[in-house]
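Okay, so here's the structure we're looking at.
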Amino acid sequence: MPAVGRVWPAGGPSAVVRGWDPPATPYGPGHRGVDLAAAPGTPVRAVATGRVSFAGPVAGRGVVSVELPDTGDPLLRTTYSPVRASVRKGEEVRAGEIIGTVQATGAHCPSSCLHWGLLRGDAYLDPLSLLPPWLLNGGPSRLLPVRGVPLPG
């Protein structure tokens, strides 16, 4: 899986309220994405550059889907819900661009959250696999002074 993600979708790093738990069968129980702690009104950002393939309601909840170019055949597609979309189908979005805000709903999480999914065709994948290790692990490495080596300056 290419680590094409450049930002956490709800600011970050975000607390994972519920992790990815793929179903054993296409219609079996499981969790087809990750839930990230996010209050209603939190800006939702495109994790990677792409084109909005859907923006609208599904079963009473707002959903935004973004297809990611150059990610194979079929293309990878990220999904975000419940989201009040600020983008429309066909729009190009850049990594980090706001695509909507988290909607208040008690239907999915005990408290407010953003459900973030990843698909290739009809196959659900772990969306955290899009993020590079430095984003998952809290940021880039930092060099510290070495004992016996004078600091500049």
- Taking the inter-plane angle between the rings of His115 and His31 on a 0 to 90° scale, is it parallel (under 30°), tilted (30 to 60°) or perpendicular (over 60°)? perpendicular

- Task: Could you check if a side-chain atom of Leu114 sits within less than 4.5 angstrom of a side-chain atom of Pro9, using non-hydrogen atoms only?
- Result: yes

- Go through the steps for Val64 and Ile99 under the test side chain to side chain contact (heavy atoms under 4.5 Å, CB included), then give the verdict. CA-CA 8 Å; Val64 175; Ile99 58 174; 3.8 Å; yes

- In terms of hydrophobic clustering (I, L, V, M, F, W, Y; side-chain heavy atoms under 4.5 Å; direct or indirect links), are Leu76 and Val63 co-clustered? no

- Item | From Thr78 atom OG1 to Leu130 atom CG, the distance as rounded to the nearest 0.5 Å | 7.5 Å

- For residues Val16 and Leu36, report the shortest heavy-atom separation together with the two atoms involved. CG2-CD2, 3.8 Å

- Task: State, yes or no, whether a side-chain contact exists between Pro23 and Arg32 at a heavy-atom distance under 4.5 Å.
- Result: yes

- Query: Looking at Ser129 and Leu118, what are the two nearest heavy atoms and their distance?
  - Reply: OG-CD2, 4.0 Å

- Could you state the interatomic distance from OG1 (Thr42) to CD (Gln103), rounded to the nearest 0.5 Å? 12.5 Å

- Should Arg77 and Glu67 count as an ion pair when the cut-off is N to O under 4.0 Å? no

- Got a second to check how far Trp116's CH2 is from Ser81's OG, nearest 0.5 Å? 13.0 Å

- Item | Side chain proximity check, Tyr124 to Pro22, heavy atoms < 4.5 angstrom | no

- When rounded to the nearest 0.5 angstrom, what distance separates OG in Ser53 from CD in Glu91? 12.5 Å

- Message: Quick check: do Ile98 and Val44 have side-chain heavy atoms less than 4.5 Å from each other?
- Response: no

- Of the non-hydrogen atoms in Pro132 and Arg6, which two are nearest, and what is the gap between them? CG-NH1, 4.1 Å

- Task: For side chain to side chain contact (heavy atoms under 4.5 Å, CB included), just list the numbers for Phe54 and Val66, CA-CA rounded to whole Å, side-chain angles, deciding distance to a tenth of an Å, and then say yes or no.
- Result: CA-CA 7 Å; Phe54 181 84; Val66 178; over 6 Å; no

- Shortest non-hydrogen pair, Ala39 vs Val102, comes out as O-CB, 3.6 Å

- For the hydrophobic clusters of this structure (ILVMFWY residues joined by side-chain heavy atoms under 4.5 Å, transitively), does one cluster hold both Leu128 and Leu125? yes

- Residues Ala38 and Ser112: closest non-hydrogen pair is O-OG, 2.6 Å

- Note on the structure: Tightest non-hydrogen contact, residues Val83 and Gly100, listed as CG1-CA, 3.8 Å

- Message: More than 12 heavy atoms of other residues, nucleotides or ligands under 6.0 Å from CZ of Arg84: yes or no?
- Response: no

- Item | Single-linkage hydrophobic cluster Trp20~Trp8, side-chain heavy atoms < 4.5 angstrom | yes

- Note on the structure: In this structure, OG of Ser65 is separated from CG of Leu119 (nearest 0.5 Å) by 7.5 Å

- Query: Hey, is the main chain of Ala95 close enough, under 3.5 Å, to the side chain of Thr49 for a donor-acceptor pair?
  - Reply: yes

- Message: What I'd like to find out is whether the side chain of Val87 reaches to under 4.5 Å of the side chain of Val93, using heavy atoms alone.
- Response: yes

